[in-house]
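Hydrogens, waters and symmetry mates play no part in the numbers below; they use all other heavy atoms, side chains included. Numbering of ligands and ligand atoms starts at 1, following listing order.
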Amino acid sequence: MHSRSRCRNPEAGSDVANLTCRAEKVDGGWIINGQKTWCSNAHFARSILLIARTSNTGKKHEGITQFHIPADTPGLVIKGIDTLGGREVNDLYFTDCRVPDSAVVGEVGNGWNQLMAGLNTERLILAAMQLGVAERSFGDTLAFITERKQFGRPIGSFQALRHRMADLATEIECTRQLVYSVAQLADDNPTKLLPREASMAKLKATETSKRMTIDAMQMMGGYGYATEFDAERLMRGAIISTVYGGTNEIQRDNIGKTFGL
Ligand SMILES: Cc1cc2nc3c(=O)[nH]c(=O)nc-3n(C[C@H](O)[C@H](O)[C@H](O)COP(=O)(O)OP(=O)(O)OC[C@H]3O[C@@H](n4cnc5c(N)ncnc54)[C@H](O)[C@@H]3O)c2cc1C
């Protein structure tokens with residue numbers, strides 16, 4: 001089915017706990033073998049946080065441990081993946097990669113719970129980033145449609161564009177209120193898991209930035225497609241934000257589960 005041999009570990013995508021990258025205990029440390037598909041900016045990193053399977057209890061959420069891996073560890077190969085966004089993400093290959101006991105982050109076997117504890121923050125950061133992308137895209141578009149004239153008047157004065165901008169401004173304001181309120185909840189109680197609210201913030205902000213940046217390109221006409229403006233770059237970044245950090249289908253599942261569905 002896959003045209004690329006690099007997709008060797010397809011089960012560990014949305015089904016994160018199904019990961020197969022293994023760390024085996026040896027005297028004084030661990031030996032890691034396997035692959036981590038998709039790791040943003042690993043080619044710039046000095047160290048990488050890896051979750052690997054350290055025991056097999058038969059339950060996929062157990063026996064997972066987090067490791068801190070220096071990027072220059074022998075046996076670790078970082079290979080770029082070509083994407084629409086350019087060189088931003090990598091595959092990591094571990095071959096008999098030896099790390100000391102001190103590389104363990106937190107507790108051996110507790111990696112899944114540690115991962116869950118960080119999800120509020122991860123989802124909120126992604127939501128805040130995409131809120132910023134949407135706001136930037138709105139501002140750029142507003143400046144463009146105010147300046148650009150057709151039929152003797154600024155294109156922003158046509159109702160088709162004015163109403164579209166009004167809808168987008170409303171969407172962005174709703175998103176801003178949601179993201180800020182969830183951030184406040186997380187600040188008020190940093191250890192509390194917010195599975196519904198954090199997933200809502202990620203879902204809403206990424207869908208808003210995707211809609212905003214795609215609409216921006218339409219409203220800017222051919223100029224939105226040209227690389228001399230940032231519109232196409234913002235759109236390329238926004239359209240993948242509904243995939244990484246847990247796809248938006250998975251965020252909807254998370255929200256649904258909090259209602260007992
Ligand atoms: C640019 C980029 C950067 C990334 N950076 C990182 C990173 O730094 N660290 C990291 O760990 N990961 C990273 N990822 C991986 C990212 O988190 C995964 O791509 C994402 O979780 C989806 O996994 P997948 O690509 O294997 O898709 P799949 O899981 O195969 O999903 C494919 C489609 O099926 C849908 N689907 C799957 N399961 C279900 C279900 N149960 N219900 C409904 N729909 C479902 C998905 O929503 C999606 O639409 C990155 C990915 C990209 C593209």
(message) With nothing but distance in play, are any N or O atoms of Ser14 less than 3.5 Å from an N or O of ligand 1?
(response) yes
(request) Would you mind checking if Arg136 and Asp140 are paired as a salt bridge, meaning a charged N to carboxylate O distance below 4.0 Å? (result) yes
(message) Would Thr37 count as a polar contact of ligand 1, with the cut-off being nitrogen or oxygen pairs under 3.5 Å?
(response) no
(message) Rounded to the nearest 0.5 Å, what separates atom CG in Leu115 from atom CG in Asn110?
(response) 11.0 Å
(request) Would you mind running through ligand 1 and noting each atom that sits below 4.0 Å from a heavy atom of Thr247? (result) 22 (C), 46 (C), 47 (O)
(message) Tell me whether Arg211 is salt-bridged to Glu207, with the criterion being a basic N under 4.0 Å from an acidic carboxylate O.
(response) no
(message) On the six-membered ring of Phe158, is Arg164 placed so that its NZ or CZ lies under 6.0 angstrom from the centre and within 45° of the ring axis?
(response) no
(message) Under a 4.0 angstrom heavy-atom cut-off, which atoms of ligand 1 come close to Lys36?
(response) 10 (C), 11 (O), 12 (N)
(message) Would you call the rings of Phe144 and Tyr223 parallel, tilted or perpendicular, taking 30° and 60° as the class edges?
(response) tilted
(request) Measure the distances from the heavy atoms of Ala42 to every atom of ligand 1 and state whether one is below 4.0 angstrom. (result) no
(request) Determine whether any heavy atom of Thr83 lies closer than 4.0 Å to an atom of ligand 1. (result) no
(request) State whether the side chain of Asn90 and the backbone N or O of Cys39 hold a donor-acceptor pair below 3.5 Å, judged by distance alone. (result) yes
(request) Between Arg252, Glu249, Glu88, flag the one that comes closest to atom 1 (C) of ligand 1 by a heavy atom. (result) Glu88
(request) Could you tell me whether Ser40 and ligand 1 have an N or O pair separated by under 3.5 Å? (result) yes
(request) Would you check the N or O atoms of Tyr244, main chain and side chain alike, for any that come under 3.5 Å of an N or O of ligand 1? (result) no
(message) I need the atoms of ligand 1 closer than 4.0 Å to a non-hydrogen atom of Gly245, numbered in the order shown.
(response) 17 (O)
(message) With side chain to side chain contact (heavy atoms under 4.5 Å, CB included) as the test, pick out the partner of Val104 among Thr65, Thr54, Val99.
(response) Thr65
(request) Enumerate the atoms of ligand 1 whose separation from the nearest heavy atom of Val243 is less than 4.0 angstrom. (result) 19 (O), 20 (C)
(message) Closer than 3.5 angstrom, by distance alone: can the side chain of Glu232 be matched with the main-chain N or O of Tyr225 as a donor-acceptor pair?
(response) no
(message) I'd like to check which ligand 1 atoms, numbered from 1 as shown, lie under 4.0 Å from a non-hydrogen atom of Cys39.
(response) 7 (C), 8 (O)
